[in-house]
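Keep in mind it's a predicted model, so treat the numbers as computed, not measured. Remember, it's 1-based here, ligands and their atoms both numbered in the order they're listed.
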Amino acid sequence: MDTLKQRIVEQGVVVSDQVLKLDALLNHQVDPGLTMEMGKQFAERFRDDGVTRVVTVESSGIAVAFATAYELGVPLVFARRKKTLLAEPDMLCERVPSFTKGIVTDILISREFISPEDRILFIDDIIANGDAARGLVKIIERSGAELIGAGIVVEKCFQPGANALREQGLRLESLVKIASLEDGKIIFAE
Ligand code: 5GP
């Protein structure tokens, strides 16, 4: 997506060699037109896979996951994040470290909204070490549903998350791949 790359160059802020701030288009402000275009791209790639639900983790994945679910004509379910887990027997839960916040949170999805018959497409904003995605994969496995793939807006290739999941057999597609953020410069892969 050339438009997306251009917006990342114009509006992204390199915070360090590891972190790219994308508040202007993904993590704080959302451009509806651009986001719907991202949804179309993911829907095109996974249209023939019989997706029954799109799943993401709150909050930054919700807008693009909504756009994808809208294009595919299926419901969107977002995992909730909570700091403490009170006994919630109907919830599937995994504990995951948060890359940007430096804390550990629980991500939860109610069994009401994910069933063994589901074919799930996981959508998220950015992948770094892959902890959020791995937590979600575990939840989906425990639900008995099938994970048919993952769509990620920005893949940071210099961190291990995306390739580790591919090596485990997950079909992971990203819209933009970033090879490096060194010296304050955004270098795209490919
Ligand atoms: P992971 O679990 O893959 O290490 O990190 C995934 C989550 O952390 C993403 O959903 C995203 O919200 C946040 N994140 C990871 N790297 C970055 C980054 O470079 N910039 C921003 N803004 N968020 C990031």
Who's the nearest protein heavy-atom neighbour of [atom], and how far?
| atom | answer |
| --- | --- |
| atom 24 (C) of ligand 1 | T100 CG2, 3.5 Å |
| atom 16 (N) of ligand 1 | K156 NZ, 2.8 Å |
| atom 8 (O) of ligand 1 | F99 CB, 3.6 Å |
| atom 7 (C) of ligand 1 | I126 O, 4.0 Å |
| atom 10 (O) of ligand 1 | D125 OD1, 2.6 Å |

I want to know if ligand 1 touches [X] in the polar sense, i.e. an N/O pair below 3.5 angstrom.
| X | result |
| --- | --- |
| A128 | yes |
| I127 | no |
| A132 | yes |
| K21 | no |

Out of curiosity, does I139 fall in the hydrophobic cluster containing V77 (side-chain heavy atoms, cut-off under 4.5 Å, transitive links)?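 Hydrophobic grouping puts V77 with I139.
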Would a hydrophobic clustering, with Ile, Leu, Val, Met, Phe, Trp and Tyr connected at side-chain separations under 4.5 Å, put L22 with F66?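 Yes; F66 is reachable from L22 via cluster members.
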Test of understanding: given a 4.0 Å heavy-atom threshold, classify the contact between [X] and ligand 1 as side chain, backbone, both, or neither.
| X | answer |
| --- | --- |
| D131 | both |
| N129 | both |
| D23 | neither |
| S60 | neither |

Under 3.5 Å, is there a donor on one side chain and an acceptor on the other for T52 and D118?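 Looking only at side-chain atoms, D118 and T52 do form a donor-acceptor pair, the distance falling under 3.5 Å.
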Looking only at the side chains, is there a donor atom on one of S115 and E117 sitting less than 3.5 Å from an acceptor on the other?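 There is such a pair (donor and acceptor under 3.5 Å, judged by atom type) between the side chains of S115 and E117.
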List for me each residue that meets side chain to side chain contact (heavy atoms under 4.5 Å, CB included) alongside A69, sequence neighbours excluded, and say none if there are none.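 Per chain and number, A69 pairs via side chain to side chain contact (heavy atoms under 4.5 Å, CB included) with V54, V74, L76.
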Go through the steps for I126 and L20 under the test side-chain contact (heavy atoms from CB on, under 4.5 Å), then give the verdict. CA-CA 10 Å; I126 302 173; L20 176 63; over 6 Å; no
Which heavy-atom pair separates R166 from S174 by the least distance, and what is that distance?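 Reported closest heavy-atom pair: NH2-OG, 4.0 Å.
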Has the side chain of [X] got a donor or acceptor atom that lies under 3.5 Å from a matching backbone atom of [Y]?
| X | Y | result |
| --- | --- | --- |
| R142 | C93 | yes |
| K156 | Q18 | yes |
| E58 | R81 | yes |

Considering the heavy atoms of [X], write down every atom of ligand 1 situated less than 4.0 Å from one of them.
| X | answer |
| --- | --- |
| D124 | 10 (O) |
| V19 | 18 (C), 19 (O), 20 (N) |
| N27 | 22 (N) |
| G130 | 1 (P), 2 (O), 3 (O), 4 (O) |
| L20 | 18 (C), 19 (O), 20 (N), 21 (C), 22 (N) |

Test R134 against L165 for side-chain contact (heavy atoms from CB on, under 4.5 Å), laying out the working first. CA-CA 8 Å; R134 255 190 304 278; L165 286 158; 4.1 Å; yes
Any heavy atom of Q159 closer to ligand 1 than 4.0 angstrom?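 No, that is not the case, since the closest heavy atom of the residue is not under 4.0 Å from the ligand.
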If the contact criterion is a heavy-atom separation under 4.0 Å, does G161 count as touching ligand 1?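 Per 4.0 Å heavy-atom rule, G161 does not contact ligand 1.
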Does R171 qualify as a cation-pi partner of F46, given the criterion of NZ or CZ under 6.0 Å from the six-membered ring centre and within 45 degrees of its axis?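 Checked: cation-pi criterion met.
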